[in-house]
Amino acid sequence: MNCSDCKDKLDRYVDRELNNTEVLELKLHLEGCPPCADHYEFQAHLKRLVKVSCDRDKVPAAFREKLRQILL
Amino acid sequence: MAESPARTAFAEEALTHLDTLYRGALRLTRDPDQAQDLVQEAYLRALRYQHSYQPGTNMKAWLFAIMRNLFWDRFKGSRKEDVSLDDVGEFVLYDKLRDEGAKPEADVLDKLAASEVVAAVEKLPPLHREVVLLVDVEGFSYKDAAQTLGVPIGTVMSRLHRARQQLQRSLYDYAVESGIVRASGTSQVPQQ
């Protein structure tokens, strides 16, 4: 695998969408290619950051109760 | 009103996905009141169409699909101009920072406030925002996201890729505005 292939597969790797063979190939490339490994770390970090930031919002208790009243 | 046990059980199960639906509605509408209206309407519709849900399949995806379809029904008028995102290039934020010797994760990403990240997500056009919500925030597979959105997997992948590039662009702008980096891309954090 070269850097271009790696770049093409990076989104799918970060999203755990590659098959086992592709994961092994990509891991092998990342181990020997610090620039691609840095790209990967950055992408993975950004994905985590988006999740953690958006996860902070909680359903207001009054709304949860209102829904329960309506639906149950 | 006394509800049938089957309907109550269905509603109980549906309500276990309330957090996901509310977060999604909040990001799509960008307004807590509208988000609550949207979620409530989605739940009422879900109960009305309970018969079309196949037990054992992904209820979270099914509910999210109902909600986002309602959202698009309401905002149909703005759909056309919303479709595209300009190509902003690859690894915008990363490229701008790494050449300066900064550590993009430690020096920049870790210093961005969560509210700035949320603002960057909300700045994405809705068609791209919903893919980020499903895949990055809620952990949907590409397949489930594609099914939820009614598009091919390739469309999920391309929207996600574009959305991430745009996110990096927005976060770079925030980082400059808030003084985390200088406009040239140099991190202001002292280097080891």
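The model shown is predicted, which means the values in this text are computed figures rather than measured ones. Naming convention: chains lettered A, B, ... in sequence-line order (proteins, then strands); numbering from 1 in each chain.
Heavy-atom distances place both the backbone and the side chain of A:R12 under 4.5 Å from chain B. For a residue to count as touching a neighbouring chain, one of its non-hydrogen atoms must lie under 4.5 Å from one of that chain's; by this rule A:R64 touches chain B with backbone and side chain alike. Heavy-atom distances place no part of B:E122 under 4.5 Å from chain A, backbone and side chain included. Proximity to chain A involves both the backbone and the side chain of B:V135, based on heavy atoms less than 4.5 angstrom apart. Interface residue B:L47: only side-chain heavy atoms are found under 4.5 Å from chain A. For chain A, the nearby part of B:L160 is the side chain; its heavy atoms alone come within less than 4.5 Å.
Taking the charged nitrogens against the carboxylate oxygens, B:R7 and B:E12 have no contact shorter than 4.0 Å, which rules out a salt bridge. A salt bridge does not link B:D136 to B:R129: none of the charged nitrogens lies less than 4.0 Å from a carboxylate oxygen.
Among all heavy-atom pairs drawn from B:W62 and B:Y49, the shortest one is CZ2-O, 3.5 Å. Scanning all heavy atoms of the two residues, the minimum distance from B:L38 to B:F71 falls at CD1-N, 3.8 Å.
Heavy-atom pairs under 4.5 Å with chain B peak, among A:K51, A:K58, A:E17, at A:E17.
The side-chain heavy atoms of B:R159 and B:T155, taken from C-beta on, include a pair separated by under 4.5 Å. Considering only heavy atoms from C-beta on, B:Q168 stays 4.5 Å or farther from B:Y172 through its side chain.
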